[in-house]
Amino acid sequence: MNRRLQGKTAIIVGAGQSAGETIGNGRAIAVLFARHGAQVLCVDRNLESAIETAAMIAEEGGNAAPFQADVSRDADCAAIVAEAKSRWGRIDILVNNVGIGGGGDGPAHQADESAWDRILMVNLKSAWMTIKHAVPIMREQGGGSIVNISSLASLAGGNQVAYEVSKAGMNRLTTSVANANAGHGVRLQTLCCRA
C-alpha cells in the first residue's frame, strides 16, 4: 500500500463507532490514514470506542492512541491538540467528523430551542474550536490539512433546520479558515456526505 502519510500526525475527531453493522466515517478514516502511515490520535467522547479504533490500528501494525474528549468544551479541544503535539511533535492533519441531529430538531416552525443550541454546539462550534487550537501549530510548522465532514443536507432539505444550518455553517467555516490561512500552507476541505 502507498504510504503517502508516512511520518504524518493525524487527529481524527469522532474516531469511535456508533452502534450499527457498518463501519462509521470516523473509524474508517482513522484506520485508512494509519494504513497509509499516519500516526493517529483517535478522539471520541466514548473512550472505549476510541480504544477499540486504536486497537484495530495496532493490530494492523499502525501507530495510534485513543483520547477521550467532549468537543463541545473548549478546554477539551485544546487538550486534543496539546496531546497530539506532545505525543508526536506536530499536527499535520485534523479531521472534524462529529455530527448529531434529532432530539427536537425539525422544520423551523417546530424545532426546539434546546435542540438548536445542542446541534449547533456539537456540529459547528466544536469544529471551530478544534481549528482554533490546531491552526497556530500548523502555521508555525509551515502547513497542514484540515478536513471538515459536512452533509448533503447543508445544500438541500427542510425538515432538520438545526442540522442543516450547522452543516451549512461548516461549509462556510471551511472557506473562511482556508482564505485566512492559504498563505501559511494550511489547506482546508469540506466533504459533503449523505445525512
Side-chain angles (χ1 to χ4, degrees), residues 9-19 23-31 33 38-54 57 64-88 91-105 114-138 144-151 153-154 160 162-174 176-178 181 186 188-193 195:
T9 295
I11 297 170
I12 313 299
V13 179
Q17 180 73 37
S18 298
I23 189 167
N25 289 344
R27 179 167 284 174
I29 293 167
V31 169
F33 280 22
Q39 304 161 135
V40 182
L41 188 67
C42 300
V43 179
D44 205 271
R45 67 181 177 171
N46 180 337
L47 181 58
E48 288 181 14
S49 191
I51 290 170
E52 287 173 6
T53 302
I57 291 169
F67 192 82
Q68 183 176 29
D70 177 351
V71 292
S72 70
R73 298 179 180 148
D74 186 63
D76 281 22
C77 293
I80 291 166
V81 171
E83 174 67 18
K85 179 78 163 67
S86 172
R87 184 178 287 273
W88 291 301
I91 299 169
D92 299 291
I93 303 163
L94 167 64
V95 178
N96 285 307
N97 176 61
V98 175
I100 62 168
D105 199 2
S114 60
W116 175 276
D117 291 343
R118 178 177 50 85
I119 291 168
L120 268 287
M121 168 66 82
V122 172
N123 293 4
L124 181 58
K125 188 175 180 183
S126 69
W128 163 65
M129 290 189 296
T130 57
I131 288 169
K132 175 180 76 167
H133 295 292
V135 162
I137 293 168
M138 290 180 172
S145 180
I146 298 171
V147 180
N148 294 321
I149 306 300
S150 184
S151 170
S154 68
Q160 305 176 79
Y163 182 80
E164 294 162 22
V165 168
S166 73
K167 292 302 185 175
M170 178 76 90
N171 299 347
R172 184 61 198 147
L173 173 65
T174 301
S176 177
V177 178
N181 290 282
V186 180
L188 282 91
Q189 296 175 321
T190 300
L191 299 179
C192 287
C193 302

Is there a side-chain contact between Arg27 and Ile12 (heavy atoms, below 4.5 Å)?
no
Give, for atom CG of Asn46 and atom CG of Asp70, the distance between the pair rounded to the nearest 0.5 Å.
12.0 Å
Would you check if there is a donor-acceptor pair between the side chains of Asn148 and Thr174 at a distance under 3.5 Å?
yes
Closest contact, heavy atoms only, Ala115 versus Gly103:
CB-O, 3.4 Å
Which atom of Cys42 lies closest to which atom of Ile57, heavy atoms considered:
SG-CD1, 3.9 Å
So, taking the atom named CD1 in Ile91 and the one named CG in Leu41, what distance separates them when rounded to the nearest 0.5 Å?
9.0 Å
Pairwise distance CE(Met121) to CE(Met129) - rounded to 0.5 angstrom:
5.5 Å
Is there a donor-acceptor pair closer than 3.5 Å between any side-chain N or O of Ser86 and the backbone N or O of Glu83?
no
Nearest 0.5 Å, please: how far is CZ in Arg172 from OG in Ser150?
13.5 Å
Distance col, row Thr9:OG1 vs Leu94:CG, nearest 0.5 angstrom, shows 12.0 Å
Taking every heavy atom of Tyr163 against every heavy atom of Ser151, the minimum-distance pair comes out as OH-CB, 3.4 Å
Straight-line distance of Ile51 CD1 to Gln68 CD, nearest 0.5 Å:
8.5 Å
Is any side-chain heavy atom of Asp76 less than 4.5 Å from a side-chain heavy atom of Ser126?
no
Can any side-chain N or O of Glu164 pair as donor or acceptor with the backbone N or O of Gln160 at less than 3.5 Å?
yes
Side chain Lys125, main chain Val71, donor-acceptor under 3.5 Å
no
Please give me the minimum heavy-atom distance between Gly101 and Ile119, naming the atom from each residue.
CA-CD1, 3.9 Å
Judged by atom type as modelled, is there a donor-acceptor pair below 3.5 Å linking the side chain of Gln17 to the main-chain atoms of Gly24?
yes
Measure from the side-chain N and O atoms of Asp92 to the backbone N and O of Ser145, and report whether any donor-acceptor pair falls under 3.5 Å.
no
Against Asn96, only a single residue in Ile131, Leu173, Thr190 fulfils side-chain contact (heavy atoms from CB on, under 4.5 Å); can you say which?
Ile131
Any side-chain to backbone donor/acceptor pair from Asn97 onto Asn25? Under 3.5 Å, distance only.
no
Give the minimum heavy-atom separation between Thr53 and Ala30, together with the two atoms involved.
CG2-CB, 3.8 Å
Does the Asp44 side chain pair with the main chain of Ala50, one donor and one acceptor, at a distance under 3.5 Å?
no
Step through the shown structure and confirm whether more than 12 heavy atoms of other residues, nucleotides or ligands are within 6.0 Å of CZ on Arg45.
no
So which atom in Ser166 and which in Asn123 form the shortest heavy-atom distance, rounded to 0.1 Å?
OG-ND2, 3.1 Å
Out of Val43, Val95, Val40, which residue meets the side-chain contact (heavy atoms from CB on, under 4.5 Å) rule with Ile11?
Val43
When you measure from the side chain of Arg118 to the backbone of Ile100, do you find a donor-acceptor pair of N or O atoms at a distance under 3.5 Å?
no
